[in-house]
Number of protein chains: 2
Amino acid sequence: MARNRPYTCGLDAAIDVVGGKWKATVLWMLEDQGPLRFGELRRQIPAVTEKMLIQQLRELEADGLVHREAYHQVPPKVEYSLTDYGRTLEVALRPLGEWGHANMARIEATHA
Amino acid sequence: MARNRPYTCGLDAAIDVVGGKWKATVLWMLEDQGPLRFGELRRQIPAVTEKMLIQQLRELEADGLVHREAYHQVPPKVEYSLTDYGRTLEVALRPLGEWGHANMARIEATHA
DNA sequence: TCAAGTACTGACTATATTGTCAGGTACTCA
DNA sequence: TGAGTACCTGACAATATAGTCAGTACTTGA
């Protein structure tokens, strides 16, 4: 989002990391269901395109939140999982997720 | 960000609400310093333009998170404050803000 | 030989979000 | 009359983010 660095507050920094269109969803899936293969993630999130999913995964990996494990097999197998650091983020994100869940109807109604 | 509705998870919904470039900062200011006038907010966040600040405030207001109180005076006086609903969001956001604060250096270093 | 599965890549396009800049009102004070 | 203050608007341009689509490598199974 081309945020204002240096960040004005921790929130700003955190949202910069987690603000991508699919990142929250990916993090949530990996937390909820443990390590997942690329294709599994893709099927869990039907609306995402392959390109976007890879892009988001690469960014999460570069940020150290997600670990990518490639098995040298044919056909290829790649597994994504949360790192310890990623898990600390997930914990910090949980109240926000609960807030969103609790107020989902209101958000959908008011947020054009 | 033109997010995927209906939302896939609460996190998705929450980030839709709080994901604007300056929204987190505004929420943080209003929580931290109580009701603020437009000009005060603007001075607290030097990098924001008037147009952007108004736009973000309008959206926060439409979402019911921020209350706008106009005093019919000249020169005009308008005060913005968090609503009760806005305060519930602020509470949910706090752990994330702390996470961002604690990991700021790492985020700035890794997040290109 | 040919399709299918798996995890990608890259060129190009489309849309969304931000930013710039020039007003605009309405009233007060000198 | 003219300047100043505070809050805001709208046209337009720039940038950032997301999406489309075609194509890759390698191997198994029909």
Side-chain angles (χ1 to χ4, degrees), chain A residues 1-5 7-8 12-13 15-26 29-30 35-63 66-81 111-112, chain B residues 1-5 7-8 12-13 15-26 29-30 35-63 66-81 111-112:
Chain A
M1 184 176 285
R3 251 156 203 280
N4 9 291
R5 336 275 242 67
Y7 300 116
T8 27
D12 223 23
I15 291 181
D16 201 6
V17 163
V18 90
K21 182 161 176 182
W22 307 97
K23 285 184 184 172
T25 312
V26 168
M29 291 285 165
L30 290 181
L36 288 175
R37 299 184 56 172
F38 178 79
E40 289 173 325
L41 267 173
R42 188 170 172 6
R43 277 188 292 276
Q44 301 271 346
I45 317 174
V48 78
T49 63
E50 292 197 340
K51 189 207 156 189
M52 267 295 119
L53 182 54
I54 288 169
Q55 191 173 303
Q56 305 278 298
L57 285 167
R58 291 270 183 278
E59 291 177 22
L60 291 169
E61 197 195 349
D63 284 340
V66 157
H67 173 72
R68 175 178 186 276
E69 183 77 37
Y71 298 86
H72 296 293
Q73 306 176 350
V74 168
K77 171 175 172 181
V78 180
E79 249 183 17
Y80 292 91
S81 54
H111 198 79
Chain B
M1 183 175 282
R3 254 158 199 280
N4 9 289
R5 336 269 248 66
Y7 300 116
T8 27
D12 222 23
I15 291 182
D16 201 5
V17 164
V18 90
K21 183 161 175 184
W22 307 97
K23 286 184 184 171
T25 312
V26 168
M29 291 283 165
L30 291 180
L36 287 174
R37 298 184 57 172
F38 177 79
E40 290 173 324
L41 266 173
R42 190 173 169 2
R43 278 187 293 276
Q44 302 270 347
I45 317 174
V48 78
T49 62
E50 290 198 342
K51 188 206 155 187
M52 266 295 120
L53 183 53
I54 288 170
Q55 192 173 303
Q56 304 280 296
L57 285 167
R58 290 268 182 281
E59 290 177 23
L60 291 170
E61 197 195 348
D63 284 340
V66 158
H67 173 71
R68 175 178 186 274
E69 184 77 37
Y71 298 86
H72 296 293
Q73 304 177 351
V74 168
K77 170 175 171 180
V78 181
E79 249 183 16
Y80 293 93
S81 55
H111 199 79

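All chains are named by letter (A, B, ...) in the order of the sequence lines, taking the proteins before the strands, and each is independently numbered beginning at 1. A quick note: this is a predicted structure, and the numbers were derived from the prediction, not measured.
No engagement by B:Arg42 is indicated, since no non-hydrogen atom pair under 4.0 Å with the nucleic acid exists. Contacts of B:Tyr80 with the nucleic acid, taken as non-hydrogen atoms under 4.0 Å apart, involve only primed sugar atoms and P, OP1 or OP2. A:Gln56 comes within contact range of the sugar-phosphate backbone alone, with a heavy-atom separation under 4.0 Å but no base atom that close.
Residues passing the side-chain contact (heavy atoms from CB on, under 4.5 Å) test with B:Pro35 are B:Glu79, B:Ser81, sequence neighbours excluded.
Atom NE2 of A:His72 is separated from atom C1' of C:dC8 by 14 Å (rounded to the nearest Å). Between B:Trp22 atom CH2 and D:dA16 atom P the separation is 13 Å, expressed in whole Å. In this structure, A:Leu57 places its CG atom 15 Å from C1' of C:dT9, rounding to the nearest Å. For the pair B:Lys51 NZ and D:dG10 P, the computed distance is 11 Å after rounding to whole Å. Atom CZ in A:Arg37 sits about 7 Å away from atom C1' in C:dT6, given to the nearest Å. Atom CG of A:Leu53 is separated from atom P of D:dT20 by 14 Å (rounded to the nearest Å). Computed from coordinates, the B:Glu50 CD to C:dG19 C1' distance equals 13 Å when rounded to whole Å. Between the P atom of C:dG24 and the CD1 atom of B:Ile54 lies a distance of 16 Å, rounded to the nearest Å.
Of all heavy-atom pairs between A:Ile15 and B:Ala24, the closest is CD1-CB, 3.8 Å.
Between A:Ala47 and B:Gly39, the one whose closest nucleotide on DNA chain D sits nearer the 5' end is B:Gly39.
Residue B:Val78 has its side chain nearest to D:dC7 when only D:dA18, D:dC7, C:dT20 are considered. Here the nucleotide nearest the side chain of B:Gln55, chosen from D:dG19, C:dT6, C:dT18, is C:dT18. Of the listed nucleotides (C:dA7, C:dT18, D:dT20), D:dT20 has the atom at the smallest distance from the side chain of A:Thr49.
One finds no side-chain N or O of A:Arg68 lying less than 4.0 angstrom from the OP1 or OP2 phosphate oxygen of C:dA7. Here A:Lys77 does not reach the OP1 or OP2 of C:dG5: none of its side-chain N or O atoms lies under 4.0 Å away.
Sorted by first and then second residue, the salt bridge (Lys or Arg N to Asp or Glu O under 4.0 Å) pairs with a member in residues 51-63 of chain B read B:Lys23-B:Glu59; sequence neighbours excluded.
Once rounded to the nearest 0.5 Å, the distance linking CZ of B:Arg37 with OH of B:Tyr71 reads 9.5 Å. Here the OH-OG1 distance, from B:Tyr7 to A:Thr25, works out to 11.5 Å after rounding to the nearest 0.5 Å.
With respect to B:Trp22, the side chain to side chain contact (heavy atoms under 4.5 Å, CB included) criterion is satisfied by exactly one of B:Thr49, B:Leu41, B:Leu57, B:Ile45: B:Ile45.
Counting heavy atoms from C-beta on, the side chains of A:Leu30 and A:Leu36 come closer than 4.5 Å.
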Filtered N/O pairs between nucleotides 24-30 of chain D and protein, under 3.5 Å:
none

